[in-house]
There are 2 protein chains.
Amino acid sequence: MNISRASDYAIRGLVYMAKKPAGTVCFVKDIAKNTNSPASFMSKIFQTLAKSGIVHSFIGTKGGFTFNTRPEDITIKMVVEIIDGPIVLNRCVINKSSCQNAGNCDVHFMWTDIQKMLSKALSSYSIADFANDTFKNKLPKSDLNFA
Amino acid sequence: MNISRASDYAIRGLVYMAKKPAGTVCFVKDIAKNTNSPASFMSKIFQTLAKSGIVHSFIGTKGGFTFNTRPEDITIKMVVEIIDGPIVLNRCVINKSSCQNAGNCDVHFMWTDIQKMLSKALSSYSIADFANDTFKNKLPKSDLNFA
DNA sequence: AATATTAAGACAAATTTTATCTTAATTTGA
DNA sequence: TCAAATTAAGATAAAATTTGTCTTAATATT
Ligand code: SF4
Ligand code: SF4
């Protein structure tokens with residue numbers, strides 16, 4: 001029940017990039033150094049981000065990465081799902097047919113409800129939010145108080 | 001970003017038990033059969049639940065498991081944490097000192113906020129809720145709509 | 001005391017995570 | 001023009017976690 005180190009690195013790497021002027025080409029080496037993460041691991045992570053299309057990669061000398069999608073449009077959920085795969089609290093929340101018990105399972109509905117909440121929370125933050133010191137709590141107060 | 005199969009089995013195993021009259025001694029074999037889960041795996045899961053204290057185990061013929069805590073008082077969060085370990089969306093949400101970057105990390109606060117929400121959601125459901133057909137959505141409407 | 005039944009605990013396979021190491025592409029400059 | 005330098009891409013591998021099974025020990029029954 002956690003995001004991977006890779007997702008943590010990816011998010012902070014993208015935030016680092018988003019702080020640069022739009023269009024800046026960034027090297028993995030610099031991204032890694034400035035985010036306290038292993039460069040070779042970060043390299044593979046950005047490889048995956050490039051495949052997904054949210055960043056563009058240039059190979060060779062003067063290569064590097066730029067955004068292919070505006071940081072404002074890259075949600076935390078997107079990043080986590082690109083790196084860790086779909087966010088699925090329990091297998092039945094993608095499609096009920098993935099579990100033979102789903103038809104008469106008592107707890108199925110809880111997972112879909114909590115998943116919805118988590119999914120929306122992760123979608124409500126963008127990379128740009130953290131790059132521009134515009135962070136603010138995007139969760140309604142009730143979310144933190146309903147206990 | 002998901003609960004383990006083991007936690008899913010544990011929750012449903014406990015719900016199965018909670019449907020029996022209070023005090024009923026249940027065999028792993030029956031619990032497993034009625035929850036569509038591998039008996040030997042369920043055995044190890046209930047071993048862990050017994051160690052945690054929420055159920056009591058009896059060894060030998062006529063052995064089995066009974067609740068040691070009322071199903072009303074066993075939250076989903078408790079079960080998941082007993083089986084999967086602490087629910088921690090990202091390492092920094094337990095204690096900031098677990099991450100050297102926490103001091104000047106842009107995204108740290110998001111994780112603590114979302115963690116609070118998730119934690120409260122999982123705490124708001126008990127095993128008894130699912131055993132007695134008393135399930136109802138315990139999340140405030142805003143949680144599902146704030147996007 | 002032998003047998004049957006049950007959970008406890010040791011062991012192991014499979015998968016996922018977290019990386020590193022090698023290769024290929026591109027630019028630069030001798 | 002071609003070697004050297006630089007950068008990402010891709011292959012490989014170690015470590016940790018998950019998902020189980022198999023063997024042992026405890027207890028009750030006959
Ligand atoms: S909660 Fe119910 S429906 Fe979902 S995976 Fe578990 S058994 Fe299947
Ligand atoms: S989000 Fe920031 S504080 Fe939390 S683990 Fe990642 S780097 Fe550390």
Side-chain angles (χ1 to χ4, degrees), chain A residues 1-13 17 24-33 35-66 68 80-91 99, chain B residues 1-13 17 24-33 35-66 68 80-91 99:
Chain A
M1 188 74 96
N2 51 41
I3 63 157
S4 66
R5 285 286 80 208
S7 278
D8 180 88
Y9 295 153
I11 291 166
R12 292 186 300 112
M17 277 181 66
T24 304
V25 177
C26 299
F27 310 137
V28 162
K29 193 171 58 173
D30 291 336
I31 298 170
K33 188 186 298 174
T35 54
N36 262 312
S37 47
S40 51
F41 194 18
M42 194 59 116
S43 171
K44 211 163 87 63
I45 290 165
F46 266 76
Q47 201 179 127
T48 305
L49 293 175
K51 267 182 197 158
S52 82
I54 70 169
V55 297
H56 192 281
S57 71
F58 303 94
I59 213 171
T61 309
K62 298 273 182 176
F65 294 89
T66 59
N68 206 19
V80 172
E81 295 209 314
I82 288 165
I83 301 297
D84 289 352
I87 292 169
V88 182
L89 280 183
N90 204 344
R91 57 169 59 166
C99 177
Chain B
M1 187 74 97
N2 52 43
I3 63 157
S4 65
R5 285 284 83 208
S7 279
D8 180 89
Y9 295 154
I11 291 166
R12 292 185 299 113
M17 276 181 68
T24 305
V25 177
C26 299
F27 310 137
V28 162
K29 193 172 57 173
D30 290 338
I31 298 170
K33 187 185 299 176
T35 55
N36 262 312
S37 47
S40 49
F41 194 18
M42 194 60 116
S43 171
K44 210 163 86 61
I45 290 166
F46 266 77
Q47 202 180 125
T48 305
L49 293 175
K51 266 182 196 157
S52 82
I54 71 170
V55 298
H56 193 282
S57 72
F58 303 95
I59 213 171
T61 309
K62 296 274 182 179
F65 293 89
T66 60
N68 205 21
V80 172
E81 295 209 313
I82 288 166
I83 301 298
D84 289 351
I87 292 169
V88 182
L89 279 183
N90 203 345
R91 58 169 59 164
C99 177

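Throughout, protein chains are lettered first and strands after them, A, B, ... in sequence-line order, and every chain is numbered starting at 1.
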Checking dG10(D), dT20(C), dT21(D) against the side chain of Phe41(B) (C-beta onward), the nearest is dT21(D)
Of the listed dC21(C), dA8(D), dA7(C), the closest approach to the Ser40(A) side chain comes from dC21(C)
Under 4.0 Å between a side-chain N/O of [X] and OP1 or OP2 of [N], yes or no?
X	N	result
Tyr9(A)	dA19(C)	yes
Ser4(B)	dT19(D)	yes
Ser57(B)	dA8(C)	yes
Thr61(B)	dT5(C)	no
Lys62(A)	dT26(C)	no

Which part of the nucleic acid does [X] contact within heavy-atom distance under 4.0 Å: base, sugar-phosphate only, or nothing?
X	result
Phe27(B)	sugar-phosphate
Ser43(B)	base
Phe46(A)	nothing

[X] has an atom [atom1]; how far is it from atom [atom2] of [N], in whole Å?
X	N	atom1	atom2	result
Phe65(A)	dT6(D)	CZ	P	18 Å
Lys44(B)	dT18(D)	NZ	P	11 Å
Arg5(A)	dA19(C)	CZ	P	8 Å
Met17(A)	dA8(D)	CE	P	10 Å
Met42(A)	dT7(D)	CE	P	16 Å
Asn90(B)	dT18(C)	CG	C1'	15 Å
Met1(B)	dT17(D)	CE	P	18 Å

Short question: side chain of Asn68(B), backbone of Gly53(B) - any donor-acceptor pair under 3.5 Å?
yes
Per nearest nucleotide of DNA chain D, the residue lying toward the 5' end, Gly60(B) or Lys29(A), is Lys29(A)
More than 12 heavy atoms of other residues, nucleotides or ligands under 6.0 Å from CZ of Arg91(B): yes or no?
no
